[in-house]
Amino acid sequence: MELRQMRCFATLAEELHFGRAAAALSMAQPALSLQIQALEKELGVQLLIRSTRRVQLTKPGEVFYERCIRVLREIESSSAIVRAVAGKNVDRITIGTIYPATFGVLPLFLSKLGKRFPDIQIHVSSGSTDAIIRDLEKGRINLGFIRPVENIGSLRWQSIANERYLLAVPLGGRLETAETVTMSDLKRERIISFSRSNLTYTEKYFFEQFRKFGLLDQVACSCDDTLSLVSLVAAGMGVGFVPEWTRDLPHKSFRLREVEGVDFTIGMGLAWNKEDPTANREEIVEIARTLAAASRSLKAVGDYSGRNNTKRRLPAHGD
């Protein structure tokens, strides 16, 4: 049995589609089919059920997939450990992000990482917190920017920042020029919310907040990401809570307003697998720590700037 066959099967088991798996492996689809057929012949069992519409794993296929993942991860870890012992630099790292929430921290992290490892090959992928955690556990990615979760399992975690969310209102709207804005004012507005379909951390958080303040009936539009939400606000479709970094977006047609009496804040941090020798290199862990220190420093400067900070702060997950 060859490692190439195991990699082919593992990729196909994840994609459950010969075309997509072949593309991910940078090989022709007939060649992938031959590798799988040879593997099944050697094992003497059927690993996949093929039809014109779909590919499914058999029970032996499910067991073999788990074994393949363990073997491939152990080989990759062994290679990384040997390179670390030999004093070799990291040559490749994969980072998962909850786009676009990482606009504020990802550029700084990549800059520091590139300076420390100038020859490193970096791949950045986007996903939800739950998906990134699964990829970290399976060794598909090395580091992940995620929201706080109740059970981090076997992963390590470094809190980096607490993102403040402000109310985005359209230019020319009633709330743009209001002397103050309260949560009660939102009962007269159409609210744009993050979609509940994906049930990611942020969607759950704001659903709970709207329910707490009796605003669920005011939710008129929903979307999946921050950039879509600010576009809907700019189009005059309603108002919605967005992270403070949107203040720096170019050519924006909305204004951010503080809501009196509340301060919505959501945490974010960097997670990695404690068994991943690449992510556990002291240099990379130290970069994560400096990001947290930089975030605290910026927050302290902002608090000292004279802004009235007497609002009652609502407890936020992970704070």
Side-chain angles (χ1 to χ4, degrees), residues 1-86 88-97 113 117 119-128 130-144 146 153-156 271-281 284:
M1 186 183 306
E2 300 178 1
L3 285 176
R4 179 177 176 81
Q5 292 175 328
M6 296 179 70
R7 289 193 179 94
C8 287
F9 174 73
T11 302
L12 181 57
E14 291 164 5
E15 296 291 345
L16 293 178
H17 188 280
F18 274 89
R20 290 195 298 267
L25 292 163
S26 300
M27 64 189 301
Q29 188 170 327
L32 174 60
S33 296
L34 289 174
Q35 292 286 347
I36 301 301
Q37 289 171 10
L39 185 59
E40 288 180 320
K41 183 177 180 180
E42 181 174 347
L43 292 172
V45 297
Q46 185 178 5
L47 300 174
L48 300 163
I49 300 174
R50 306 160 178 83
S51 70
T52 56
R53 292 187 176 182
R54 59 188 304 186
V55 176
Q56 291 179 282
L57 291 175
T58 62
K59 287 295 182 182
E62 292 176 359
V63 173
F64 188 64
Y65 167 68
E66 295 297 331
R67 301 297 300 178
C68 284
I69 291 297
R70 293 180 192 175
V71 170
L72 294 172
R73 185 189 304 166
E74 184 62 30
I75 291 173
E76 292 175 1
S77 296
S78 299
S79 175
I81 291 171
V82 170
R83 290 179 60 83
V85 171
K88 299 290 186 180
N89 274 342
V90 177
D91 57 358
R92 176 179 172 82
I93 192 165
T94 302
I95 303 168
T97 69
L113 194 65
F117 303 102
D119 299 323
I120 195 172
Q121 181 182 359
I122 300 173
H123 177 69
V124 179
S125 63
S126 299
S128 67
D130 290 343
I132 291 173
I133 287 175
R134 287 195 298 270
D135 286 343
L136 286 169
E137 291 174 338
K138 292 183 177 181
R140 295 171 182 164
I141 62 177
N142 305 106
L143 301 166
I146 64 172
S154 62
L155 303 182
R156 296 186 184 275
W272 62 95
N273 195 319
K274 64 182 181 182
E275 297 179 358
D276 184 344
T278 295
N280 279 287
R281 293 180 72 113
I284 293 178

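Predicted model, so just to flag it, every value in this text is computed and none were measured. Note: hydrogens, waters and symmetry copies are ignored here, and every other heavy atom, side chains too, is used.
Judged by distance alone, the side chain of Glu15 and the main-chain N or O of Arg20 form no donor-acceptor pair under 3.5 Å. In this structure a side-chain-to-backbone donor-acceptor pair under 3.5 Å is missing from Thr94 to Asn142.
Using a 4.5 Å heavy-atom threshold, the side chains of Arg92 and Ile120 count as separate. Put simply, the side chain of Phe9 reaches to within 4.5 Å of the side chain of Leu48, judged on heavy atoms. At least one side-chain heavy atom of Cys8 sits under 4.5 Å from a side-chain heavy atom of Met27. No side-chain heavy atom of Phe64 sits less than 4.5 Å from a side-chain heavy atom of Thr58. Using a 4.5 Å heavy-atom cutoff, the side chains of Trp272 and Ile141 are not in contact. Using a 4.5 Å heavy-atom threshold, the side chains of Leu155 and Ile133 count as touching.
In this structure, Ile284 CD1 and Asp276 CG are separated by 8.5 Å, a value rounded to the nearest 0.5 Å. In this structure, CG on Leu25 lies 9.5 Å from CD on Gln35, to the nearest 0.5 angstrom.
For Arg7 and Glu2, the salt-bridge test fails: no basic side-chain N is under 4.0 Å from an acidic carboxylate O.
Within 6.0 Å of CZ on Arg50 lie more than 12 heavy atoms contributed by other residues, nucleotides or ligands.
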